[in-house]
Amino acid sequence: MSNKYSVIVLMGIQGSGKGTQGQLLADDFGFTFLEAGGMFRDEVKSGSKLGQQLDEIIHVRGELVPDEITKELISSKIKEIDPNSTVILDGYPRTKKQLHDLDEILNKADRDKIVVVNVKITDKETLERLSKRKICEKCKSVYRDEGQENCSKCNSKLTRRADDTPEKIKTRLAWSHKETDPVIEEYRERGILVEVNGSPSIKEVYQEVKKKLDLQVT
Ligand code: AMP
């Protein structure tokens, strides 16, 4: 299909399911999925010096990674992607500073057809969902089902994320309202924001996402 968008930015608080929606879009339309949190976790796993620093920031202090490190990593990842492939960004930008950094990154990469999808759920739903969330160690698929032990896709073990404790979830929510809500507002003012209700089933949310983005599987 032709490239209707060069970048799809996914917004939505923790547990909104935006990552799942991004993965579905990537699978169905061949888009390139770039998730900030996953990118950092991969760096931690690599055991590099930067990875050890990130481990402390993310898992011990429960904070966001400094803007310059984030900008550098996102920028280098985007440069590696085929210019003709639509990039789906999940978890970036989260602050107004990052929004302006992203403008710069995308300008340099000549990516100007941008749409922003805000997947909306309440804080209460976030806490409920994340308290149950499990993630596949290998392929990073996300599961909401408490009973499931292994990944349906690759059969690897499902684990809980170290930062999915109620206290750390609340810290992230507070960050999100203070820092990320203004990002959403700026995209709204630019006229490139579409909003979907993240409360229904994954399938229903996905139908709404495709409809609002005017995307059809051919
Ligand atoms: P997530 O998987 O989106 O929950 O992200 C996991 C962790 O990675 C967060 O708690 C942050 O410490 C870090 N992180 C993710 N996205 C960003 C970002 N845009 N800027 C800074 N740190 C981030």
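Each ligand, and each atom within it, is numbered from 1 in the order the structure gives. Given the structure is predicted, the values throughout are model-derived calculations rather than measurements. For reference, positions follow the sequence shown, starting with 1.
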List ligand 1 atoms under 4.0 Å from [X], heavy atoms only on the residue side.
X: Q98; answer: 18 (C), 19 (N), 20 (N), 21 (C)
X: E35; answer: 2 (O)
X: R161; answer: 1 (P), 2 (O), 4 (O), 6 (C)

Counting non-hydrogen protein atoms only, what is the nearest one to [atom]? Give residue, atom name and distance.
atom: atom 22 (N) of ligand 1; answer: V65 N, 2.9 Å
atom: atom 9 (C) of ligand 1; answer: R94 NH1, 4.1 Å
atom: atom 7 (C) of ligand 1; answer: I58 CG2, 3.7 Å
atom: atom 8 (O) of ligand 1; answer: F40 CD1, 3.6 Å
atom: atom 5 (O) of ligand 1; answer: G37 CA, 3.5 Å
atom: atom 6 (C) of ligand 1; answer: R41 NH1, 3.5 Å
atom: atom 10 (O) of ligand 1; answer: D163 OD2, 4.0 Å

### Task
May I have the step-by-step check of side-chain contact (heavy atoms from CB on, under 4.5 Å) for I202 and Q21, ending in yes or no?
CA-CA 8 Å; I202 291 169; Q21 296 300 322; 3.9 Å; yes
### Task
Please state which part of T70 comes within less than 4.0 Å of ligand 1, counting heavy atoms only: side chain, backbone, both or neither.
side chain
### Task
May I ask you to identify, for E63, whether its side chain, its backbone, both or neither come under 4.0 Å of ligand 1 on a heavy-atom basis?
backbone
### Query
Just by modelled atom types, is the L213 backbone N or O under 3.5 Å from a matching donor or acceptor in the Y5 side chain?
yes
### Query
Hey, is the main chain of R133 close enough, under 3.5 Å, to the side chain of R160 for a donor-acceptor pair?
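Here the side-chain-to-backbone pair exists.
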### Query
Side chains of I114 and R190: does their closest heavy-atom pair fall under 4.5 Å?
no
#### Entry: 4.5 Å side-chain heavy-atom contact, V209 and L24
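SC-SC contact between V209 and L24 ruled out.
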### Message
Given G19, G38, G15, G91, identify the one with the heavy atom nearest to atom 16 (N) of ligand 1.
### Response
G91
### Task
Would you check the N or O atoms of A36, main chain and side chain alike, for any that come under 3.5 Å of an N or O of ligand 1?
no
### Query
Can you check whether Y92 has an N/O within less than 3.5 Å of an N/O in ligand 1?
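N/O-N/O distance below 3.5 Å does not exist for this pair.
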### Message
Can you confirm whether the side chains of S176 and Q14 place a donor and an acceptor under 3.5 Å from each other?
### Response
no
### Query
Going by distance alone, is a donor N or O of one side chain under 3.5 Å from an acceptor N or O of the other, for Y206 and D28?
yes
### Query
Does at least one non-hydrogen atom of K168 fall below 4.0 angstrom from an atom of ligand 1?
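In this structure, K168 fails to qualify as a contact of ligand 1 - no heavy atom is under 4.0 Å.
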### Task
Provide the closest heavy-atom pair for P182 versus K96 in the form atom of the first, atom of the second, distance.
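Taking every non-hydrogen atom into account, O-CD, 3.9 Å.
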#### Entry: Nearest atoms (heavy-atom pairs only) where I81 meets L34
CD1-CD2, 4.5 Å
### Summary
Rounded to the nearest 0.5 angstrom, the SG-CD distance for C139 and E137 is 11.0 Å
